[in-house]
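Worksheet: the structure to be examined is printed underneath.
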Amino acid sequence: MYFLLLFFGLLAGVTTVLFGFGGGFVVVPVLYSVLIGLYGTDSQMGQSAMHIAVATSTCVMIFGAGLSTWRHHKAGTMQWDQVRPLLVFIAIGAIPGAAVAMALSGSWVRWVFVVYLGITIVDSLFRSGFTQEATRGIRPLGQAASAGIGVLIGAIAAFLGVGGSVITVPLMRRRGASMTAATAAANPLSLPMAVVASLTYAILAWDVGSFGPWHVGFIDLRACLVLVVGSWLGIRFGSRWIGKIPDSLHAKAYVALLGLVFLVMLLV
């Protein structure tokens with residue numbers, strides 16, 4: 001189990017630094033599948049598998065998004081003027097997002113995850129502005145739009161256990177950002193959500209029952225540690241390609257990876 005998580009942690013690190021995924025699109029389906037395979041669907045662990053996967057993913061994301069943010073900052077690809085207005089609002093949105101996820105059954109969370117992925121993929125493929133190569137600067141958001149969109153990003157990302165990439169990359173892409181700039185921005189925008197959502201999953205889930213000594217609420221600490229180690233290796237490996245992937249190919253690869261995760265979650 002742990003060698004498998006280490007390997008997928010490495011993939012999560014690569015997708016975090018190059019696509020802004022925060023690791024969630026890799027960690028959630030893999031950890032969910034592992035828990036279902038080990039414990040079945042009738043045990044307490046199996047029935048809570050989706051909640052554990054989402055909560056653990058947000059905890060792993062604290063490390064992955066933080067390190068990837070630093071890597072992009074050093075590479076000069078981070079546009080902080082586009083990031084700062086959203087940070088506080090994303091943190092605020094993460095609280096209700098995590099709380100709603102805990103209030104629903106794991107099956108509901110899983111299907112919302114699948115449906116949202118499907119909508120994002122279709123939107124990216126068939127609405128103009130995402131796959132075309134960026135040719136202009138980023139158009140900034142107004143203050144009211146930053147507040148509303150920031151809360152929405154935080155809520156959805158915390159609910160699904162994924163980074164802000166699922167909203168911020170398409171949003172910034174259609175506002176004129178290159179894929180490098182859009183995916184770079186997704187990492188610091190994932191960080192406040194990950195911190196607040198992890199605390200929410202740990203505190204509000206304290207009384208759901210004990211999953212063992214290595215769990216804090218829904219967070220599986222052993223799985224988290226292994227995934228963090230793998231993520232560190234993946235971020236180091238993937239950092240060499242920051243800013244070097246052709247823009248159009250980068251956008252198409254982003255959509256293709258979303259499609260792969262969609263199929264995994266649909267078939268598990």
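The basis for the numbers below is simple: all heavy atoms, side chains too, and nothing from hydrogens, waters or symmetry mates.
A distance of 4.0 Å separates CZ in Arg71 from OG in Ser239, rounded to the nearest 0.5 Å. Asn187 CG to Thr77 OG1: the interatomic distance, rounded to the nearest 0.5 Å, is 9.0 Å. Atom CG in Leu35 sits 13.0 Å away from atom CD in Gln47 (nearest 0.5 Å). To the nearest 0.5 Å, atoms CD1 (Ile153) and OG (Ser146) are separated by 9.0 Å. Distance check: Thr69 OG1 to Trp80 CH2 gives 5.5 Å after rounding to the nearest 0.5 Å. Here Leu87 contributes atom CG and Met193 contributes atom CE; the two are 12.0 Å apart, rounded to the nearest 0.5 Å.
In the hydrophobic cluster analysis, where Ile, Leu, Val, Met, Phe, Trp and Tyr join through side-chain heavy atoms closer than 4.5 angstrom, Trp108 is grouped together with Val100. Val115 and Leu260 fall into different hydrophobic clusters, where Ile, Leu, Val, Met, Phe, Trp and Tyr residues are linked whenever their side-chain heavy atoms come under 4.5 Å apart, directly or through other members. Leu257 and Phe237 fall within a single hydrophobic cluster, where Ile, Leu, Val, Met, Phe, Trp and Tyr are joined by side-chain heavy atoms under 4.5 Å apart, directly or via other members. Trp70 and Phe63 end up in different hydrophobic clusters when Ile, Leu, Val, Met, Phe, Trp and Tyr side chains are linked at under 4.5 Å. Cluster membership check: Val122 shares its hydrophobic cluster with Tyr254, using side-chain heavy-atom separations under 4.5 Å among Ile, Leu, Val, Met, Phe, Trp and Tyr.
Closest approach of Thr16 to Gly64, counting heavy atoms only: CG2-O, 3.6 Å. When all heavy atoms of Ala49 and Ile36 are compared, the closest pair comes out as CB-CD1, 3.9 Å. Closest approach of Thr168 and Ala186 over heavy atoms only: OG1-CB, 3.5 Å. The two atoms that bring Ala182 and Val169 nearest to each other are O-CG2, 3.8 Å, heavy atoms only. Taking each heavy atom of Gln79 and Ala181 in turn, the nearest pair found is NE2-CB, 3.7 Å. Met179 and Arg173 make their closest contact through N-NH1, 3.2 Å (heavy atoms, listed as atom of the first residue, atom of the second, distance).
Between Val195 and Met61 the shortest side-chain heavy-atom distance does not fall below 4.5 Å. At least one side-chain heavy atom of Phe113 sits less than 4.5 Å from a side-chain heavy atom of Val261.
Listed for the Thr183 side chain is a donor-acceptor partner under 3.5 Å among the backbone atoms of Thr180. Between the side chain of His73 and the backbone N or O of Met78 there is no donor-acceptor pair closer than 3.5 Å. Remark: side-chain polar atoms of His51 are paired, donor with acceptor, to backbone N or O of Leu104 under 3.5 angstrom.
Of the options Cys224, Ser57, Ser231, Cys59, a side-chain contact (heavy atoms from CB on, under 4.5 Å) to Val27 is made by Ser57 and by none of the others. Only one option out of Val196, Thr58, Val216 pairs with Tyr201 in a side-chain contact (heavy atoms from CB on, under 4.5 Å); it is Thr58. Considering Val88, Ile92, Leu86 in turn, Leu86 is the only one that fulfils the side-chain contact (heavy atoms from CB on, under 4.5 Å) rule with Ile90.
Taking the six-membered ring for Trp and thresholds of 30 and 60 degrees, His250 and Phe19 have ring planes more than 60 degrees apart, a perpendicular arrangement.
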